[in-house]
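Working notes, structure below.
Numbers here are sequence positions counted from 1.
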Amino acid sequence: GNIVITIGSLQAGFELVDTKMVVLSDTEIFGRRAKQRHRKSVEEGVKITKFEELKPGDYVVHINHGIGRYLGVHTLEVAGVHKDYLTLQYAGDDKLYVPTEQVGLLQKYIGVEGHDPRLYKLGGADWARVKKKVKESVQDIAKGLLKLYAEREAVPGFAFNEDTVWQKEFEESFPYQETDDQLRAIREIKKDMQRPRPMDRLLCGDVGYGKTEVAIRAAFKAIMDGKQAAVLVPTTILAQQHHRTFMDRFEGTGASIEVVSRFQSAAEQKRALERLKEGKVDIIIGTHRLLSKDVKFKDLGLLVVDEEQRFGVVQKERLKEISKGVDVLTLTATPIPRTLHMALVGVRDMSVIETPPENRFPVRTYVVEYEEEQIREAILRELGREGQVYFVYNRVRTIDAMAQHLSELVPEARIAVAHGQMDEHRLERLMMSFLEQEYDILLCTTIIETGMDIPNVNTLIVYDADHMGLSQLYQLRGRVGRTNRVAYAYFIYRRDKILSEDAEKRLQAIREFTELGSGFKIAMRDLEIRGAGNLLGPEQHGFIASVGFELYCKLLEESIKELQGEVVQQPPEPVLDLGLDAYLPDDFIADSQQKVEMYRKVTAIQDEKDIMDVTEELEDRFGDLPLPVVNLLVVAKLKNLARRCAAASINQQRDLTTIKLHSGIDPGDGAVAYLTTQYRGRLTVTKGRQLQIRLRTRGLSDSEVLGFLESVLSDLLQRLES
C-alpha cells in the first residue's frame, strides 16, 4: 500500500498486469521529456569574437592617414629596443609603421568588390578632405535616422503584462536545455514587449540555434494578454514546418493556430481569415499571403518576420503598414548588410544567439568539381547509415533529366523530385512522404533553402554551386547537421569550368567558414563581396567606397550620439615610451594574422581579469612566455593604470622616467605630499601646465623599473579615487 518514488532512466512507463503494478515515467506525468538541466561544454562550437581578419595584401583604413595596403607585422629595432609594427604601404613608396598598441586605429577596408580603393599619400590633405565630406553627409543621414527613431518611440504601443504562471509552465515544457544566449534573447524581447512603445528587434542567430523557440515564447506571451500573433515566412514549405512546430509546442494550451499558404485551398484560407477577423485565431502563420489586403486582424499584438531579406520592396512597405504600433520581431541567420548596418549603428535593437546547441558538429564542407564516382560514394555512405540526402539542382526545365541520370548513377536509391512550380497538394504530399522516409534522395530546387528541418537528412549536394549567392549557400548548408550526427555538404561546379572571381570568393568563403556560428562572418564577407551598397539610398555608395564600411559606420554612430547629446570626449590614450623589448617574437608566434589577433586582445586589456585571460590564452596556445611577451603584458597593465590616472605619457630616458598628466589634472596637495613622502629621494613632482612626476631609476633592472612604475601609478590612482 506504499507509494514508491525511485530515480532511474525510462523512455516510457509500463504496466505489470499480474502484480497489478503501473510504473510511470516523467513523460507520462508531465506530458513530455524533462530537459537536462546541466549543460555540457560545446566542443566544436565557437563564439564569434570578430567580424574580419587581416591578411597581408588587404586594404586597410588608418583613421588619421587614410587607405593603405597592409604588408604584415615587422619587428624593428629602434634605439636598441625591439618592437613590432604593422606595416602599411601608401601611394608611391610611402610606408607607415604603426605601433601594435595603435592597432585600434586600423580597420579592414570593406568597400565595393572589384573596385580597388585609391591609396593616399602620407602627409597630404586629401584624406582629411574626404573624411570631412563623408562626415557632413553622414550627419544628414543621422538626422533622418533619429527622426525615424523618434517617430517610432513616439508611437504608442501595447505594454504587455509581466509573465504569468502559465508562461513559466509553458517555457518549462520545452524539452531541451536552452543556451545562455537563448535565455538572454528571451529576456530582452519580453522586456521590450512590456514597454509601452512598439518593439522593433532583430534576433540574429545561426541556422539551428533555436530562434524559433524564442519566437514561440514571445507569441505565447502575446496571446496570454488576449492579443493575436502573426508569423510571416518566405516560403510555403517553411510555413508548413512552422505550423507543425507551433502545433506541437502549443499542444494542450487551447491556443488556436492556423496557417495560410498555397498548400491550403481557397475555401480553407477564407475560413481561416474569417476566424482571424473575428478573433477566434490566436496565431496565424503564413507566407506573403498574410500581406494581402483581405487579411484583417481583430487585435494584432506581435508580428514575427522570418528571414526579412526574402521579401521584396513592395511587401516590406505593406509590412510597415501592418506593423504600425505592433511589436515586431525579425529573425535572421545571415542578416542582409543593410539590416546589419542598422542594428550595428543602434537604430534597431538587436539580440544575438551565438552559442550552438549541445552535441552539434560543424558540417564537413567540400567544394569540388563534378565527379560522378564521388557523388555516388557520398549518397551511398548516407544511405548506409539510414540517412537521407538533399540534391539541389536549381533548373526546373531539366530537373527530370537529372532525376533520370541520378537513378542510373545510384539505382539503389528512391528519388523524389520537388520544385516550386508543382501543384501545391502534390508538393505537400511529396514533402510529407520524404519526411516519413519513403524516399532516400530529395532532388529539388532551392525551395528547401529556408527553415526545412528534417533531422534525418545529413548529406547535401549542391549542383552548379558557383551560380548561387553566399548567404544562399550558407542557408542551404544549414539544412543539414541539425542533430548529433556528422553531416556532409558538397558544393559542386562543372568540370573544367573557369569560375568568375566573385564565384571563387563565395565558394572559398563557404569552405572557410565551416565552424558553428559563422552566420555573422558570412554576412560580413557577403557585404565585402557585394559591396556595402545601398545603406540609405544609392547616393551613399560613393561615400562608403571612399572611406570603407567600418569607418563609415563609426562616423554614422558618432553623429547619432552627437545629435543625442551622448558624446563624452575621451582623453587621448596615454603614450608609453619605455626602453625595453615588449613584443611577440616570431619564434613565439610565427603567423602574422594570429599576432594581430593577440595584439588586439592585449590592446583591449582593461583590468586584472583581462590580463589573466590573455596570459592564460597565450600560454595555452603558444607555450611558455619569453621575457618580451611578459614585458608586453606588464606594459599593457601600466597603460591601463596610466589611462585611469589621466596620464598623457610615460617616458623613460636613461636614469629618469617621467609621468606627465593631462593638462588641468591636479591630484591635489595631499596626494603630492603622500607620493613624495612614500618614495622619498626617488620621486619628485613638478607642477605647471602639466603636472610631472619624475622617478629616479638609476641601477634598476627593466623588471624593477616596471614594478616601481606600477607601484607609483597604483598609489596615485588610489589618491585620485579617494
Side-chain angles (χ1 to χ4, degrees), residues 42 44-63 68-76 82-88 96-110 344 352 354-355 362 508-509 511-525 527-528 548-551 553-554 573 581-607 609-626 628-637 639-640:
V42 180
E44 293 199 63
V46 293
K47 278 202 168 198
I48 301 306
T49 52
K50 51 192 178 298
F51 293 141
E52 33 71 13
E53 287 89 5
L54 214 49
K55 298 187 193 83
D58 286 346
Y59 288 107
V60 292
V61 183
H62 188 293
I63 288 174
R69 190 183 271 108
Y70 172 63
L71 301 180
V73 179
H74 295 100
T75 307
L76 302 179
H82 290 89
K83 203 171 177 182
D84 273 347
Y85 294 86
L86 286 85
T87 312
L88 308 185
L96 180 68
Y97 293 95
V98 182
T100 51
E101 64 267 20
Q102 292 178 18
V103 69
L105 298 177
L106 293 182
Q107 301 155 352
K108 185 172 177 179
Y109 173 83
I110 296 174
L344 289 179
V352 182
E354 53 185 7
T355 316
Q508 174 59 32
R511 186 198 281 126
E512 208 177 305
F513 298 137
T514 56
E515 71 261 51
L516 296 170
S518 296
F520 245 172
K521 282 187 176 180
I522 290 278
M524 295 305 281
R525 181 57 63 88
L527 175 79
E528 198 177 333
F549 163 73
E550 209 174 326
L551 181 56
C553 272
K554 189 169 187 266
E573 283 285 290
D581 288 350
Y583 69 109
L584 300 169
D586 285 343
D587 56 3
F588 182 62
I589 303 179
D591 181 71
S592 70
Q593 204 172 320
Q594 288 179 335
K595 266 193 185 186
V596 174
E597 180 196 338
M598 290 318 301
Y599 275 124
R600 280 190 195 276
K601 289 184 179 180
V602 170
T603 309
I605 283 172
Q606 295 288 331
D607 53 34
K609 184 183 177 298
D610 293 344
I611 294 258
M612 283 168 64
D613 289 347
V614 175
T615 305
E616 269 177 35
E617 186 177 347
L618 282 166
E619 285 175 339
D620 184 44
R621 288 174 64 181
F622 307 106
D624 292 338
L625 307 186
V629 181
V630 174
N631 288 345
L632 180 71
L633 293 166
V634 176
V635 169
K637 187 177 183 180
K639 189 167 188 177
N640 188 45

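Annotation for Gly72 and Pro56: closest pair CA-CG, 4.3 Å, computed over non-hydrogen atoms. The shortest non-hydrogen separation linking Gly57 to Arg69 is O-CG, 3.6 Å.
Checking side-chain atoms of Tyr599 against main-chain N and O of Leu584 turns up a donor-acceptor pair under 3.5 Å. With hydrogens and angles disregarded, no donor-acceptor distance shorter than 3.5 Å links the side chain of Asp58 to the backbone of Tyr70.
Within the 4.5 Å cutoff, the side chain of Leu106 has heavy atoms near those of the Leu88 side chain. A heavy-atom distance below 4.5 Å is found between the side chains of Met598 and Val614. Taking 4.5 Å as the limit, every side-chain heavy atom of Leu86 sits out of range of all side-chain heavy atoms of Ser592.
A 6.0 Å sphere centred on CG of Asp624 holds no more than 12 heavy atoms belonging to other residues, nucleotides or ligands.
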(Q) side chain to side chain contact (heavy atoms under 4.5 Å, CB included) for Leu618 and Ile589? Distances and angles first, verdict last. (A) CA-CA 9 Å; Leu618 282 166; Ile589 303 179; 4.2 Å; yes
Q: Report the C-alpha distance between Gln606 and Asn640 in whole Å, list the side-chain angles of each, state the deciding distance to 0.1 Å, and finish with yes or no for side chain to side chain contact (heavy atoms under 4.5 Å, CB included).
A: CA-CA 6 Å; Gln606 295 288 331; Asn640 188 45; 3.8 Å; yes
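One distance of note links OH of Tyr85 with CG of Leu96; it measures 11.0 Å at 0.5 Å rounding. Of the inter-residue distances, the one linking Lys601 atom NZ with Asp610 atom CG reads 11.5 Å to the nearest 0.5 angstrom. Arg621 contributes atom CZ, which lies 4.5 Å from atom CD of Glu597 (distance to the nearest 0.5 angstrom). With rounding to the nearest 0.5 angstrom, the CD1 atom of Ile605 is 12.0 Å from the CE atom of Met612. Note that CG of Leu625 and CG of Leu632 are 10.0 Å apart. Values are rounded to the nearest 0.5 Å. In this structure, CD1 on Ile611 lies 12.5 Å from CD on Glu616, to the nearest 0.5 angstrom.
Between Lys595 and Asp586, at least one side-chain nitrogen of the basic residue sits less than 4.0 Å from a carboxylate oxygen of the acidic one, meeting the salt-bridge criterion.
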